[in-house]
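Since the model is a prediction, treat every value here as computed from it, not as a measurement. Order of appearance sets the numbers: ligands from 1, and atoms from 1 within every ligand.
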Amino acid sequence: MAVPMLELAPQNASVKDQILQGLSAIIDRSSFVLGENVKGLEAELAEYSGARYAVGMSSGTDALLIALMALDIKHGDEVILPSFTFFATAGVVSRLGATPVFIDIDPETFNITGALVEAAITPRTKAIIPVHLFGQLAEMPAIMAVADRHGIPVLEDACQSLGAKGWGRSAGQFGQMTGCSFYPTKNLGAFGDAGMTLIKDDEKLAAKVRRLRVHGMEPVYVHHEIGMNGRIDEFQGLVLRAKLPMLEGWHEGRRRHAQWYIERLGAIAPDEMALPLEKIPEGRHIYNQFTVRVKAGRRDALMAHLRGLGIGCAIYYPIGLHEQPCFEYLGYKKGQLAESELAAAEVLSLPVYPEMTPAMREEVAQGLLGFFGKK
Ligand SMILES: *Cc1c(COP(=O)(O)O)cnc(C)c1O
């Protein structure tokens with residue numbers, strides 16, 4: 001049986017009728033941008049995340065970019081962030097002319113820590129972007145303590161982790177602002193590109209984020225800042241509102257698969273393949289990705305083996321950002337961020353979407369166990 005890395009059609013079929021009806025109403029109203037569905041979605045996502053304000057954006061990338069614009073990040077500023085993340089986290093920093101300062105990760109969680117942040121702070125540090133990679137929160141209490149001590153704002157990158165929890169709070173309730181993505185492969189996926197900037201509690205900051213989304217304009221044709229077009233479509237608002245009531249169930253479905261994998265794959269020695277670790281006591285990893293570490297240089301062989309069996313798998317991410325051609329000018333050296341480089345060489349993500357059947361996950365497990373000579 002083939003098991004794809006991700007299959008969106010079954011989930012989307014479950015909301016298709018509701019969305020088609022809503023689309024018909026949108027066409028009748030012919031109000032396509034920032035309409036009543038977007039307003040509704042913003043209120044519902046503020047409620048869901050526990051952040052006071054939510055501002056719908058055209059993508060996760062724009063949600064992060066506009067948040068940094070609201071903090072006046074500019075040329076000469078430094079922004080601390082992990083090397084081991086999706087490109088957008090750093091791309092938005094460079095877009096504003098600022099300098100990304102890449103730091104290393106905790107190898108057990110793939111996330112940055114308070115101590116690693118502290119070591120990278122300089123007088124030019126103007127923001128910190130912890131990424132909650134794969135669905136697990138970064139070490140937020142320690143990161144916030146360091147940031148607060150130095151008076152530096154924190155922008156959470158929750159593009160993979162809306163709904164992740166730890167220390168009695170959720171993604172979006174730690175940093176001053178948070179960027180979320182609804183790209184179709186995220187746990188809450190739109191029918192195209194969409195995102196959201198969450199603002200924890202600062203009303204002025206929320207107003208500025210809202211203004212920057214429409215070219216810094218308020219009222220019409222009066223421009224206070226040089227903003228951009230970061231607006232979200234009414235149709236994506238409709239889709240996301242239809243799906244939001246199911247999101248908790250989908251997170252739990254992913255967690256059930258993850259816990260099952262962790263038990264079923266326990267026979268594989270950790271020095272051959274390490275399983276994901278939920279490190280936060282009473283936290284909730286929402287498993288946007290179930291990512292193992294394959295040791296001893298065997299990752300690519302395992303990937304070929306699984307693909308030969310028709311089992312989907314993928315590498316997120318094969319190259320740390322400090323080693324990307326476009327960041328060569330920053331002058332990082334090989335070995336400088338050793339844990340990020342090792343992670344890039346060892347990680348492999350496996351299918352973990354909630355609609356997978358028990359037979360499908362057993363197929364994945366047998367593919368892995370077979371490769372390592374186990375049953
Ligand atoms: C998906 C993602 C983004 C960007 O979101 P888009 O909606 O694709 O623009 C940013 N950061 C991380 C960690 C992501 O996974």
Any protein N or O within less than 3.5 Å of an N or O in ligand 1? List each pair with its distance, or say none.
{"from": "ligand 1", "atom 1": "5 (O)", "to": "S181", "atom 2": "OG", "distance (Å)": "3.3"}
{"from": "ligand 1", "atom 1": "7 (O)", "to": "G60", "atom 2": "N", "distance (Å)": "2.8"}
{"from": "ligand 1", "atom 1": "7 (O)", "to": "S181", "atom 2": "OG", "distance (Å)": "2.6"}
{"from": "ligand 1", "atom 1": "9 (O)", "to": "G60", "atom 2": "N", "distance (Å)": "3.4"}
{"from": "ligand 1", "atom 1": "9 (O)", "to": "T61", "atom 2": "N", "distance (Å)": "2.8"}
{"from": "ligand 1", "atom 1": "9 (O)", "to": "T61", "atom 2": "OG1", "distance (Å)": "2.5"}
{"from": "ligand 1", "atom 1": "11 (N)", "to": "D157", "atom 2": "OD1", "distance (Å)": "3.4"}
{"from": "ligand 1", "atom 1": "11 (N)", "to": "D157", "atom 2": "OD2", "distance (Å)": "2.8"}
{"from": "ligand 1", "atom 1": "15 (O)", "to": "Q160", "atom 2": "NE2", "distance (Å)": "2.8"}
{"from": "ligand 1", "atom 1": "15 (O)", "to": "K186", "atom 2": "NZ", "distance (Å)": "2.7"}

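Under the 4.5 Å side-chain criterion, counting only non-hydrogen atoms from C-beta, P4 is in contact with M360. When side chains are defined from C-beta on, R255 counts as touching Y287, because their heavy atoms get closer than 4.5 Å.
E108 meets the side chain to side chain donor-acceptor pair (under 3.5 Å) test with K279; sequence neighbours excluded.
In this structure a side-chain-to-backbone donor-acceptor pair under 3.5 Å is missing from S170 to G163.
A salt bridge links D72 with K208: the closest approach of a Lys/Arg side-chain nitrogen to an acidic carboxylate oxygen falls below 4.0 angstrom.
Taking the six-membered ring where tryptophan is involved, the planes of H322 and F102 are tilted, since the angle between them lies from 30° to 60°.
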